[in-house]
Amino acid sequence: MKKYLIIGNGAAAVGCIEGIRSVDKAGEITVISEEKRHVYSRPLISYYLEGKTDAERMKYRSDSFYDDNGCRVIYGAKAVSVDSSAKRVKLEDGTELSYDELCVAAGSRPFVPPFAGLDTVEKKFSFMTLDDALALEAAITKESRVLIVGAGLIGLKCAEGIYGRVGSITVCDLADRVLSSILDADCAAVVQKRLEEAGISFMLGDTAERFDGDTAYMKSGKSVEFDVLVLAVGVRANTELVKNAGGEVNRGIVVNEKMETSLPHITAAGDCAEGFDASIGANRVLAILPNAYMQGHVAGVNIAGGSADLGSAIPMNSIGFFGYHIMTAGAYEGEMLEERSDETVKRFFVKDGLLRGYILLGETERAGIYTALIREKTPLDTIDFELTKKVASNAIFSREIRRKKFGGVV
Amino acid sequence: MKRVYVNEEWCLGCHLCEYNCAFANSGMKDMAFALKDKKIFPRIHVEDGDKITFAVSCRHCTDPNCVKSCIAGAISKQDGVVKIDRSKCVGCLTCVLVCPYGALAPGENGTMQKCELCLENSCGEPACVTGCPNKAIVYEERGAAE
Ligand SMILES: Cc1cc2nc3c(=O)[nH]c(=O)nc-3n(C[C@H](O)[C@H](O)[C@H](O)COP(=O)(O)OP(=O)(O)OC[C@H]3O[C@@H](n4cnc5c(N)ncnc54)[C@H](O)[C@@H]3O)c2cc1C
Ligand code: SF4
Ligand code: SF4
């Protein structure tokens, strides 16, 4: 009977467990979970603050998940080192666990730049875990002036989460626009305007350099007074376990299509791993939940003796603020084609007759049809692309293709 | 497993399936009362092409993108049927981003809806198919069982 060990207890770990069990019903699975919680949906922490969900409904899988899958979970335990030749993992308390197959699904951690005077700030938080969200919730009042450092996905989701529960929200970022990792300047301006209309203030192209108690001194020379500070500058992949064991790491743990690391019998999946991004043809960390689950699943199937590979992974995001939805996918290269109305923007990026990427603001119906055009590399001259730009529709395909999609098992 | 399949040549574009779907999932006994003067949120959508109309609903994919991608773990596959627990959904639309068929859309409260084959509502089999006047959608076994 094989012994599987999984480090981490997020979406990638769940994918790994379900992947293993799709092949091997009997092997022994042990999960090491630093967080002392049943697996929950990390992206839901802002929705929790908004009151759209609660700790019970945030559970990513049912209470009986581990029992149903015959897993032993060690809560509150941290793996500190891996010995790949002895096939053993050491925990912080000194316990050693042996494995036949190891999956590192350790996710990422907040990156906190070495700000001068940060230790003088009384109420400061990251926004990565449910515990972070609960601590932030306990610190805010209707009067709090909140400064969020970072106008990326996490910083802005945090802003939406606490909106209406605090006095004011200011968001600063060294980048000159919001959501700079997924939006171009024009689209970012559209989103920023909506957030400003809701009452959120921005200081872009500017960031905190130094803190003194409740004051942030900015790069521009301005200063901001606040009661609560949220640091959402960015995240770093947890690569150390594999790196110190002698495995190849870059920004993330380097993996192949089967999620194997450079070390034997060690796979990695999720935010800690750097897998192949088909949209740029190179390895990169794709820190999104769907990717974490899928990578975990692929790793699980393979270590259990089955065969799976990741196929065509691309960056993609669906994020909304105050009911205004944003979707992005692929790479923004090639010719840009735009459809615009007062409330909506759609940008398509076309190169070599293929859809390479898109940005959709405000109109996202059936967008998965666009995503599939990118992933499946559908030649645009085989579909009605003029219609496609206006609405995402299955009418763009030939009758033959439609017959396959809607008349067969897919 | 039985699924809903489309015979687009036969579709009249009458949208009756949308009404039957909304009614079957309304939990009400009277169709006029359930739907009259209300915006309906059906789980099947008639798409209008140039010279063609056809009804699209969830394909209950063998390897469903939506299940793997839902950030809340709200979508699952049970005995081949892809189901959604709407109480867990937060309306992030990630499932819409990944479904290649455009088969999910928000319902009246902003949480996602999708076809669950009417297996758990009062209809017991897909109401869209039962009510289609021209057999443009059928509910049958095709291809390999899972
Ligand atoms: C506020 C926020 C909003 C987000 N919104 C979205 C969104 O809308 N859509 C989307 O797709 N993605 C979103 N994401 C990203 C998404 O949450 C991640 O991509 C996903 O959770 C990654 O899953 P994972 O399993 O790889 O890692 P994680 O969920 O980070 O899980 C890793 C686990 O490993 C544990 N661990 C780490 N090191 C050790 C160790 N040494 N020993 C034992 N345990 C360890 C950690 O405690 C953690 O529980 C969001 C993230 C945040 C923070
Ligand atoms: S919602 Fe879409 S992806 Fe999910 S099972 Fe149905 S057709 Fe497949
Ligand atoms: S909209 Fe709801 S069902 Fe769809 S991915 Fe988000 S939480 Fe899941």
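By convention in this document, chain letters (A, B, ...) are assigned in the order of the sequence lines, proteins followed by strands, and residues within each chain are numbered from 1.
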Residues of residues 8-17 of chain B with any heavy atom under 4.5 Å of a heavy atom in chain A = B/Glu8, B/Glu9
Top contributor to chain B interface from A/His297, A/Arg399, A/Glu365, A/Met58 [non-hydrogen pairs under 4.5 Å] = A/Arg399
Which answer fits A/Thr53, side chain, backbone, both or neither, if we ask what part of it has an atom under 4.5 Å from a heavy atom of chain B?
-> side chain
Verify the neighbour count for atom CD of A/Glu35: are there more than 12 heavy atoms of other residues, nucleotides or ligands below 6.0 Å?
-> yes
If you tally heavy-atom pairs under 4.5 Å against chain A, which of B/Thr53, B/Ile71, B/Asn65 wins?
-> B/Ile71
Heavy-atom proximity to chain B below 4.5 Å, by part of A/Tyr358 = side chain
Whatever's closer than 4.5 Å to a heavy atom in chain B on A/Leu44 counts as side chain
Relative to chain A, which segment of B/Cys66 carries a heavy atom at a distance below 4.5 Å: side chain, backbone, both, or neither?
-> neither
When heavy-atom pairs shorter than 4.5 Å are enumerated against chain B, which of A/Ser62, A/Ala372, A/Gly408 gives the highest number?
-> A/Gly408
With no hydrogens and no angle check, is any side-chain donor or acceptor of B/Arg3 less than 3.5 Å from a backbone partner on A/Val409?
-> no
ring-ring contact (aromatic ring centres under 6.0 Å, His included) pairs touching residues 44-67 of chain A, sequence neighbours excluded, are A/His38-A/Tyr66
Taking atom NZ of A/Lys404 as the centre, report whether more than 12 heavy atoms of other residues, nucleotides or ligands fall under 6.0 Å from it.
-> no
Examine whether an atom of A/Asn291 lies under 4.5 Å from a heavy atom of chain B, and if so say whether it belongs to the side chain, the backbone or both; otherwise answer neither.
-> neither
Out of A/Ala11, A/Gly15, A/Ala367, which one racks up the most heavy-atom pairs below 4.5 Å with chain B?
-> A/Ala367
In terms of heavy-atom proximity below 4.5 Å to chain B, should A/Arg402 be classed as side chain, backbone, both, or neither?
-> side chain
Atom of B/Glu47, atom of A/Ala395 and distance for their closest heavy-atom approach = OE1-N, 3.7 Å
Counting heavy-atom pairs under 4.5 Å with chain B, the top scorer among A/Arg42, A/Arg57, A/Glu56 is A/Arg57
In terms of heavy-atom proximity below 4.5 Å to chain B, should A/Thr328 be classed as side chain, backbone, both, or neither?
-> backbone
Not counting sequence neighbours, which residues clear side-chain hydrogen bond (donor to acceptor under 3.5 Å, both in side chains) with B/Asn7? List them please.
-> none
Chain A-proximal positions within residues 85-106 of chain B [heavy-atom distance under 4.5 Å] = B/Ser87, B/Lys88, B/Val90, B/Gly91, B/Cys92, B/Leu93, B/Thr94, B/Val96, B/Leu97, B/Val98, B/Cys99, B/Pro100, B/Tyr101, B/Gly102
Portion of A/Met316 that has a non-hydrogen atom of chain B nearer than 4.5 angstrom = both
Do A/Val410 and B/Cys61 have side-chain heavy atoms sitting under 4.5 Å apart?
-> yes
Would one find more than 12 heavy atoms of other residues, nucleotides or ligands at under 6.0 Å from atom CG of B/Asp79?
-> no
Would you indicate whether A/Glu257, at its atom CD, is surrounded by more than 12 heavy atoms from other residues, nucleotides or ligands within a distance under 6.0 Å?
-> yes
Choice from A/Glu376, A/Glu18, A/Lys52, A/Met294 maximising heavy atom contacts with chain B below 4.5 Å | A/Met294
How far does OH of B/Tyr5 sit from CZ of A/Phe406, to the nearest 0.5 angstrom?
-> 12.5 Å
